[in-house]
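Scroll down for the structure; my scribbles are underneath it.
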Amino acid sequence: MTIDLQASEAEPRSKHIRRVWIQALAAVVAIAFIWLAGEGTAQREKQLQVDAIHRTLEVQTLALRGTVARYNRIPFVSGQQANVHALLKSPRNDALVNQVNRYLEETNRRVGAEALYLMDTDGNTLAASNWQEPKSFVGDNYAFRPYFQDAKAGREGFFYAVGTSTGVPGLYLSTAVREGDATLGVMTIKVSLGEIEEAWNRNKEPVSLIDAHGIIFLGSVPDWKYTATRPLKADELAWVHKHWQYGDRQDIAPVAWSQRSPAEGRSFDTYATLDGRKQHLLALEEELPEFEWKLSVMSDLAPVQWARWIGYAMAALLALVLLLAFKILQLRERRYAEMRRHRLQLEKRVQERTAELQEAHAFRKAMGDSLVVGIHARDLQGRIMYVNPALCEITGYQPDELVGQPPPYPYWHPEDLDKHWQYFDAVLSGQNTLHGFESRIRHREGHDVATMFYSAPLIDGMGQHNGWVTSVVDITDQKRAEEQQRLQAARMQRSGRLATMGEMASTLAHELSQPLMALGSFAGAARTYAERGHRELLQETLLDISIQAKRAAEIVGRIRGFVRQQTPGFQACTVNEVVNNVLALMRPEIRHQQARVIVQLNAELPAIQADRVLLEQVVLNLVLNALQAMQDKYPVDKVVRVETGLQGDMVFIRVSDRGPGIAAPVAEQLFEPFFTTKPEGLGLGLNICRTSVESHRGRLEFENAPQGGAIFTVYLPLES
Ligand code: ADP
């Protein structure tokens with residue numbers, strides 16, 4: 001599977017532009033939705049208010065019409081009375097006046113009106129229901145009032161005004177009192193609309209009653225009373241003054257409604273201060289054509305505004321919730337896409353890794369197969385997990401006979417089981433086993449194979465220690481060759497030493513026998529001459545003796561000179577070179593002994609003038625002695641330490657071992673010629689060593705190490 005990264009990287013730009021467009025569109029839609037929701041809610045609330053106002057209007061209109069209907073027949077009915085007619089005909093008849101007064105008073109009381117009164121055709125009040133009250137209408141003339149004029153002209157009088165006598169406003173309903181075609185007078189009833197007004201006052205919505213001139217004459221808001229809802233023309237104002245409609249008010253101020261919006265049908269909205277608070281109001285008007293009035297009811301628009309804001313808020317909330325839901329969906333979608341992409345990448349990586357691993361495995365297998373060195377891997381418990389063909393070749397076992405096996409492994413040599421277990425434990429306990437472990441193994445077919453084992457910890461990719469890998473090298477051939485070489489060298493060393501010793505001994509014997517024999521016979525002769533008193537002869541013989549002694553000394557001197565002649569002589573060399581040469585020479589012997597040599601050379605040592613061959617013989621002897629002293633030890637304990645260093649004006653070579661050390665009786669004779677504790681020893685090694693060292697003006701010292709073992713140190717002067 002391939003991933004088209006090119007395409008997915010090129011996409012974002014166009015995708016980005018598309019996303020910006022979609023976001024802008026979503027923002028426009030959201031704003032439109034919020035606006036529509038706000039306006040819709042406001043409209044609904046407004047409609048509810050309009051409906052409520054309509055209901056109020058209907059109720060109040062009915063109440064007004066009911067009030068008028070209740071009273072408007074009363075003047076006519078009262079005017080039918082015979083004594084009313086009689087009074088109109090004889091106005092000065094006090095008895096009639098009295099009768100009619102009482103009648104009107106009684107009627108008025110019954111119908112519950114403000115006043116009921118009778119005027120003659122000139123407008124003079126002849127009788128009135130309030131004839132007994134201080135502000136009685138009796139005697140007053142109301143000819144200037146339109147209701148009088150209308151009634152006199154044969155129409156129904158209908159007029160709302162402030163009373164000229166009482167100052168109390170009321171609705172005047174009047175009709176002519178007739179007899180045949182003749183008009184005798186005018187009967188009028190004044191009705192108070194106070195109760196209606198009181199009912200309006202209880203209403204929270206402002207209600208106003210407006211006359212034909214647009215003047216509010218009745219209403220629930222006292223401040224608006226007697227103010228004009230439209231500009232009054234001069235003649236209209238004059239008419240109002242003339243008919244004393246609203247008392248002695250000279251001017252009618254415009255109503256305190258501001259910013260009135262153009263009326264839509266019968267409704268409009270406006271701002272006005274009510275209860276000390278500026279309010280936005282919705283007003284609705286109802287025409288009462290029969291009275292030429294208009295009834296206006298208003299309602300506070302604040303709830304509409306509230307509804308609008310609530311609408312906005314709800315829609316915004318909804319939009320937010322939708323946006324959030326959309327975002328969550330989008331995020332989820334994105335996460336899924338991300339996860340899909342990751343999975344694809346992971347699959348690809350797994351495939352790549354698998355291919356790499358297969359390749360590495362194939363490579364490792366080819367490597368393992370091609371190796372001549374045997375390899376096996378073990379887990380932490382020592383169970384074999386893997387063997388390569390070379391190991392099978394070396395041991396003679398098939399992989400399935402080895403894999404899964406815990407120790408002891410079938411190829412361990414039965415006589416070396418202890419050594420194998422020791423090495424196994426050393427490996428498992430993490431001891432340094434890099435220098436290898438030499439051991440025999442038993443081939444499946446029964447013969448022995450000499451091997452070297454090298455182990456290293458198996459650490460996996462996470463740094464976890466999983467087991468051990470051991471390489472097994474077949475060193476049988478090498479061992480055989482080394483053994484032969486060693487035997488040869490030992491033989492040669494031995495025969496060389498013996499030859500030299502023998503030669504020296506026979507030379508010494510031969511050379512010295514003559515002077516010694518001569519000395520013996522001269523000494524015998526001297527004794528005889530001395531006994532016999534032959535002084536001269538004695539003297540001669542003693543001279544001969546000294547000559548022979550001198551000769552013997554010459555012989556010894558010659559041999560010493562001969563020993564010196566065999567070496568190339570003094571030359572500049574370093575003790576480090578000497579040590580390195582000796583160790584290189586002795587490597588087969590050291591390996592054979594399964595010993596370990598720890599070398600600690602001071603690299604800064606200056607060169608000295610010395611006979612390198614002699615010094616090499618010294619070091620060789622000391623190392624050989626050390627190895628021999630540790631012969632009975634386990635290989636792990638066979639450690640020779642060779643150090644070089646500087647002490648004062650001397651360089652030193654120190655050879656230490658972990659053998660038994662030097663016991664006191666041995667120490668006394670250590671440097672004596674022919675002293676040895678070894679069955680095949682010559683007892684000359686240390687003696688020659690000391691002579692050689694002393695010929696360099698140096699000294700050879702020994703001591704026992706506190707932790708056991710002997711320490712031999714050769715000190716050589718820097719300046720010889
Ligand atoms: P040889 O090695 O032939 O015995 P040497 O003169 O080299 O002769 O040694 C004399 C004796 O000193 C040895 O037989 C041995 O007992 C003792 N000796 C020498 N070197 C050591 C040593 N490193 N540890 C213990 N004993 C030693």
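All residue numbers in this chain count up from 1 along the given sequence. Given the structure is predicted, the values throughout are model-derived calculations rather than measurements. Counting convention: from 1, in listed order, for ligands and their atoms alike.
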Checklist entry - ligand 1 and Val666, any nitrogen or oxygen pair closer than 3.5 angstrom? => result no
Item to check | Element-labelled atoms of ligand 1 that are located less than 4.0 Å from some non-hydrogen atom of Leu670 | outcome: 12 (O), 17 (C)
Checklist entry - For ligand 1, which atoms sit closer than 4.0 Å to a heavy atom of Asp657? => result 23 (N)
Item to check | Residues which pass salt bridge (Lys or Arg N to Asp or Glu O under 4.0 Å) with Lys678, listed by chain and number, not counting sequence neighbours | outcome: none
Anything under 3.5 Å between a donor and an acceptor, one on a side chain of residues 646-667, the other on a protein residue two or more places apart or in another chain? List them.
| residue | atom | partner | partner atom | Å |
| --- | --- | --- | --- | --- |
| Arg654 | NE | Thr713 | OG1 | 3.1 |
| Asp657 | OD1 | Gly659 | N | 2.9 |
| Asp657 | OD1 | Ala710 | N | 3.0 |

Checklist outcome for this item: Short version for Phe712: what comes under 4.0 Å of ligand 1, heavy atoms counted, is side chain
Item to check | Atom indices of ligand 1, in the order listed, that fall short of 4.0 Å to a heavy atom of Gly661 | outcome: 25 (C)
Checklist entry - Does an N or O anywhere in Lys678 fall below 3.5 Å from an N or O of ligand 1? => result yes
Checklist entry - Can a cation-pi geometry be assigned to Arg378 and Phe424, taking NZ or CZ under 6.0 Å from the six-membered ring centre and within 45° of the ring axis? => result no
Checklist entry - Touching ligand 1 at all, Gly659? Heavy atoms, strictly under 4.0 Å? => result no
Next on the checklist: Under 3.5 Å between any N/O of Thr676 and any N/O of ligand 1: does that happen in this structure?
Outcome noted: yes
Next on the checklist: Show the atoms of ligand 1 that are less than 4.0 angstrom away from any heavy atom in Ile662.
Outcome noted: 25 (C), 26 (N)
Item to check | The one among Leu686, Val655, Asn621 that brings a heavy atom closest to atom 9 (O) of ligand 1 | outcome: Leu686
